Structures are given as structure tokens and as C-alpha cells.
2 protein chains.
Amino acid sequence: MQRVDAGLSVSGTARSRSASIRDVARIAGVSHQTVSRVINRHAKVSPATRERVQKVIDELGFRPNASARALANGDTQSVTVLMSDTTRYGYLATLTGIEEAARAASFSVGIVVIESGSSSHVRAAIENAIDTGGALVVVAFDKTGQLALREVPERIPMAAAVESPASAPPAGAPWCWIDDEAAARDATRYLLELGHPTVHYVALPSTTRSSRRTAGWRSALRRAGIDPPTPLQADWGALSGHEAGVFLSRDPGVSAILCGNDEIALGVLSALHAERRKIPGDVSVAGFDDEPQSAFYTPALTTTKLDFVALGRSCFATVTARLGGEHVEPHPVGTPELVVRASTGSPRRARS
Amino acid sequence: MQRVDAGLSVSGTARSRSASIRDVARIAGVSHQTVSRVINRHAKVSPATRERVQKVIDELGFRPNASARALANGDTQSVTVLMSDTTRYGYLATLTGIEEAARAASFSVGIVVIESGSSSHVRAAIENAIDTGGALVVVAFDKTGQLALREVPERIPMAAAVESPASAPPAGAPWCWIDDEAAARDATRYLLELGHPTVHYVALPSTTRSSRRTAGWRSALRRAGIDPPTPLQADWGALSGHEAGVFLSRDPGVSAILCGNDEIALGVLSALHAERRKIPGDVSVAGFDDEPQSAFYTPALTTTKLDFVALGRSCFATVTARLGGEHVEPHPVGTPELVVRASTGSPRRARS
DNA sequence: CTGAAAGCGCTTACAG
DNA sequence: CTGAAAGCGCTTACAG
């Protein structure tokens, strides 16, 4: 069986297209199916032929064409992550975890960002993501992400990173989260133990009926016999933290502020400095996330480390389980860990 | 014209696989090639059939299979971005720009991160990226990225985001960059105009023979008749900035510090605070990037806005030009813009 | 353990 | 302007 060389030269020069499974087969003296078997690690290949084929594969630098593979067996070995924001720490760290896990499993990872919360943008993003043919992970920390989550067709293998659910999630829901309630409870308790009469809270937007982060903060206060003050509502950025900080700094009764994330805490710090309040002498400030920069804020920020990278890895594991026909039950990931730094301390004694 | 339902139901229920080009063709009463023509916007289709086919496409919610398409014409309509870091502002903002442009052009975007600078990791990353079948954009701000850049096979359509080159780049090199020299020159001149006797520089690692950022800083000093001090070498993170800050704070002759990026500046600020130096009273500090948080540092950071999003868009444009057989000449992107905030000011008069 | 056949869903010439 | 043929590079049964 002759074939005309279609631009492939074994010498490696002037290679106009890359080697195919048939090139390998011909050179190794086997059929192309056998080559397919060795690249897919099928058991039923004799060691001798396996070795011979593998040698040719290595020599040629043959790499199977992913598109052809996907077409033939409907399996893309890819995951695309859908998110509404590429600049927030939690989102990025989650993406990083997904990417790590995907790389280890030889999956490729795509990314599509949802332009806005409008339903046409959400739908367009989902279609783009699906077109790739692989599985989906949606980062659904915010409203837009939640919208997307609900719009993903039933048949698509999917997992989602979400806020801690307000009530037990439906069995089999492919959700992963960080235990927000425990994180907030522990941080609040720590502040209380420092001697603060109460702890004020600047909240992130919640996608749930009742934020677990807020609930954890409240429950710690109540257990200490304290009636929780009204939480302030921020968004995700430092500016909204700054605004909340300005407001709180004017109330001399405020001695401890817990912030929904480190970025908000940065804004609060900047407001307190502007208002000439001492930190932590007058006011203690704590955040959530432990993003790398927070150790260098002024003062260094006390915060709770949230393991978004592990969250991303779990999302990947969840979605690949689905790909394999298994169901992983919804579950929390990791253990939030308080990191005490210089922005918190005991309140000054005699404030009048 | 009857058809056996192969799991496709027009009613939309129990759809076991999605519609193919042949389903559309059959229902519209045309050949599948004609359907191919209308989805590819070929000119030679009569308005009447085009409309009829389009209607069926919409009704069925038909979306062409990307893998099949890629296999048939060798064109993936995808770009994968290769980078060594997913947490640095400049990298992310560049990715954001690529994603934006890609979305607008209906390209999908993949991401592969290079695990380390070891040549096996670099090579593995490149192979993963290539396997996807599309074009490549490598973010080559650091050594690892530069390594990757050099290892990408000639035949792969590619663009790269790089540091400003030290000398004129080879004609046709698919490189985009931000004008580092102008940025550093202007920032230094600004500090000098404030009355500082000199400006110290904390440098990012450079991948070039001679960093343009450093060169810009030097040339501004020389034009003012000042002999440039030795720059300090940092890496990309706040910790190295902190270390540099501690060192510089001990020299009472230091009144102005220009930092390679905002993160380094954050570290310098934290060191100066720790050493009880007033900012900007004793020392002025400026950064590069203008990342969103820098306006909330203590004090708010003077910095130079670098348009990485535009850089990402240019990279995408460059690589799609290559895909179309055109060559874009290597070029700088955007105009760095000084953003004056509270961390810089005139030096105090009588320091002894 | 290995090979010949058929097909995944498209596109690209080639006819008409 | 439109259709019949061939093929992109694989994998999945089915024989042997």
C-alpha cells in the first residue's frame, strides 16, 4: 500500500502538516486502529507492537488532533469556565484551581466572561461556552453567575462555585462552596474575645436568600448576648468599602469592623486614615480572603484565608465525575483560617 | 418528506442529541451544503433559500459543531493564551483584553499556565496550547514567558505581549508592548519637577538586555544633570518592595522612590510606615500600572496608568492578522498616563 | 491481539 | 445559485 507523501518528511524539515495517525501506522507497519489503541492506552495491544508504535510516535512528535478526537467520540477533554469578572481575587484564584486540576488531567481550559447581567449576554456566554463542546464550570458568586447557572441546559455536564447555600441544596446539585458561616462566626468571635463591645459588618452582595456570612456574624454576636447592629451593604470593590468606612468612622461607638473581603477592608482602612482614626487603637478592621497584598496594607490586615484554589479543584473534580456518569453530592471545601495581623487589637479602655 | 427521528424532536422535549446540518437541510428542503453556505455567510445563496434555512436554524436552535468545523477546514476560531502567572494585575488585564477582542470576533479563548520555567514545563505548556489547534498569544513579560515565546514552532500563528524591546525588533515580529521608556521618563520628570534632588528606582526583573523602564528613568535624571543612583532589584511582589523600602528608608538622602509596579509600591509604603517615615513628607512614592486598588493605598498612590487591556486587544488583532496571512509590524500600544494622587509631593525643605 | 468498515459533522472543490 | 462526492483525523463496534 503506497501513499503519496502529503508534505510529511521524516527528516523533520519542511513539514507542511503534522503527522497523522496513519503516518504513524504506516511507518510502524500496523493499522491506524492499533495506533489509536496505543495512544488511548487500550489494554489489548501486545507489548511488542505497543513499543514499536510508541517509538514512531516519539520520533515523529505525533500528537493526536483534538478536533478529530472530539468529533469521533463526542468527548472534548475540555472544560470551559464561565465568569462575570476577571479582576476579583476570589474569581481568579478559583480559576487558578480549575486550571491546575485540568492541567493535571490533561484537560484544556477555556474561559468565557459574561459581559453583563442582561439575559441576552448571559445566554450568549452560555452558548459560546457550550459550543466548545466540553464541560462547564460556572463561577457563580454573584447574581450574573447565578443567572448563568440556572440557564445552563440540563444535558450539559456542569459544576459551580457558589456562596454557601442558605438551605440544604438539592441532592445531586453540582455545587461547591467555602463555609462562609464558620468563617464569619470565627472571625467575629475573635474580635469579641479581644474585648470589643460589638462588631460591625460591611457585607458583600449575597446571591442567597440569607447570606451565611452575615448569619455567622450574627450568630457569634447573639451567642455573646449582643444584639447585632444593622450591617452595611457594600459591593465588591474598595470604593464601596471606603464609603462604608467614612460612615462608620463617624460613630464613636464603632470599635471593630468586619469586612466582606479584603478589598472592602482596604477601602475601610483608607477611610479611617482619612478620618484620622487610629488602627487598631480606635478601630480594628478585619477582612476575608487573605489576598497576597493584604499583608502589606497599612496596617497589615487581619483576615480569614479562604481557599479558592481548592474550591476550583473541587469544581473540576465534580464536573469530571459527572462526565464519568457519577454524581458528587454538593459539598463545602476547605477550612477557613483566621490570619491575625496588625489591623486588629483590643479596644482602648477609657473612650468617652 | 419523512424522517426518522434520530432523537431530535422539533417540539424541544427529549432531545437526545443536538441538531446537525443535515437535520436543518432536510427540514428546509435543501442540501446540507447549502446550509453550510448560509451559516458561513457565503454570498452565492438566493435570498429566498437563505431566509428559509435561517428560519429552520433558529427554530431548531442549531449551532454548528466546532470540532467538526475545525476538522474540516483546519480553522479553529480559537486563541489560547499562554502565561506563567494568573495573579498579577498586568497579566490579568492583558488576558481581559484578549478575551474581549476574541469574544467580539466569535473566537473562543483557552488558557494554559506554564507551571514553572523549567524547559520541560515550558514545552509541555506549548504542546497543550497547540493541541487546541488555534492561534497562540503568549504573555511574555517574564523569563518563563520569553522562553515559551522562543519555543513556539514557526508554523503556529502567534502574537506576544512583551516588555518594550531594547533594540528595534525584527521586522514582522508579532510583538506588542507598552512604551515603558516614555512611562518611566515622564514619571521621573514629574518627581524631579516636584523638587526632589534625585529619584530612586526599584526595578522589576527585565527580560531584555537593557530595561526600557530603567532607561527612561535614567535618561530623565541625566537630562536634569543628575547622576542616577544604583537601582534596586525587586521581583514582582509586595514583599520584595517591602524589602527595598526598608533598605531605602534608612538612607535620609532618599526623598523619592519610583517603583516598577503598584504592588512593589505597596510594599515600599508598608516599609516606610514601619520605619516611621512620612509619605509624602519625608519620602514620595510612585508606582506603575494603576491597578484598581492603588487609589486606596495609604496614602493613595501616584502611579502611571498602563493600558494592558488595549495591549491584549492588540495581541489578538496581531494574531488574527497572521491567521489571515497578513503581517502586522511590531508596535507599542496606548499612551501611559500619569495619575497624580497623595503619595507624592515636594520634599520638605530643611532636612538635616 | 489486530485490521477493515463505517461514521462523527462539517467544508472544500467540482459539476451543473 | 445549488447539489453529489470526497475527505478532515480520529474512534467505535465488528470480525477474525
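Not measured: the values here are computed from a predicted model. Proteins get letters first, then strands, A, B, ... in listed order; numbering begins at 1 in each.
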Legend entry - Salt bridge A:Glu326-A:Arg322, side-chain N to carboxylate O under 4.0 Å: no
Legend entry - N-O pairing of A:Glu51 and A:Lys55 below 4.0 Å: no
Answer yes or no: does a side-chain N or O of [X] lie under 4.0 Å from OP1 or OP2 of [N]?
| X | N | value |
| --- | --- | --- |
| B:Ser36 | C:dT12 | no |
| A:Asn40 | D:dT11 | yes |
| A:Ser31 | C:dG3 | yes |

Among [options], which nucleotide sits nearest the side chain of [X]?
| X | options | answer |
| --- | --- | --- |
| A:Asn65 | C:dT12, D:dT2, D:dG9 | D:dG9 |
| B:Ile39 | C:dG9, C:dT11, C:dT12 | C:dT11 |
| A:Ser20 | D:dC10, C:dG9, D:dT12 | D:dC10 |

Legend entry - Test item: A:Ser116 side-chain N/O and A:Ser118 main-chain N/O as donor-acceptor pair under 3.5 Å: yes
Legend entry - Donor-acceptor contact present, side-chain B:Thr94 to main-chain B:Gly90, <3.5 Å: yes
Rounded to the nearest angstrom, tell me the gap between atom [atom1] in [X] and atom [atom2] in [N].
| X | N | atom1 | atom2 | result |
| --- | --- | --- | --- | --- |
| A:Gln77 | D:dG9 | CD | P | 20 Å |
| B:Ile21 | C:dG7 | CD1 | P | 18 Å |
| A:Asp75 | C:dC8 | CG | P | 17 Å |
| A:Arg69 | D:dT12 | CZ | C1' | 14 Å |
| B:Asn73 | C:dG9 | CG | P | 17 Å |
| A:Gln33 | C:dG3 | CD | P | 8 Å |
| B:Asp131 | D:dC10 | CG | C1' | 14 Å |
| A:Arg50 | C:dT2 | CZ | C1' | 13 Å |

Inset, instruction - Would you sketch DNA chain C in dot-bracket for me? Only Watson-Crick or G-U wobble pairs with both distances under 3.5 Å count, crossing pairs as [ ], other-strand pairs as |, the rest as dots. - result: |||.||||||||.|||
Legend entry - Presence of donor-acceptor pair under 3.5 Å, side chain of B:His32 and base of C:dT11: yes
Inset, instruction - Ignoring hydrogens and angles, state whether a donor on the side chain of A:Thr86 or B:Thr96 is under 3.5 Å from an acceptor on the partner side chain. - result: yes
Legend entry - Donor on one side chain, acceptor on other, B:Asp85 and B:Thr87, under 3.5 Å: yes
Legend entry - Toward the 5' end of DNA chain D, by each residue's nearest nucleotide, B:Ser46 or B:Ala68: B:Ser46
Inset, instruction - Let me know, please, whether B:Leu71 or B:Val30 comes out on the 5' side of the other along DNA chain D by nearest nucleotide. - result: B:Val30
Legend entry - Single hit among A:Val137, A:Leu95, A:Ile114 for side-chain contact (heavy atoms from CB on, under 4.5 Å) with A:Met83: A:Leu95
Legend entry - Sugar-phosphate only, base, or nothing, as touched by B:Thr49 at under 4.0 Å among non-hydrogen atoms: sugar-phosphate
Legend entry - Distance flag, aromatic centroids of A:Phe107 and A:Phe316, threshold under 6.0 Å: yes
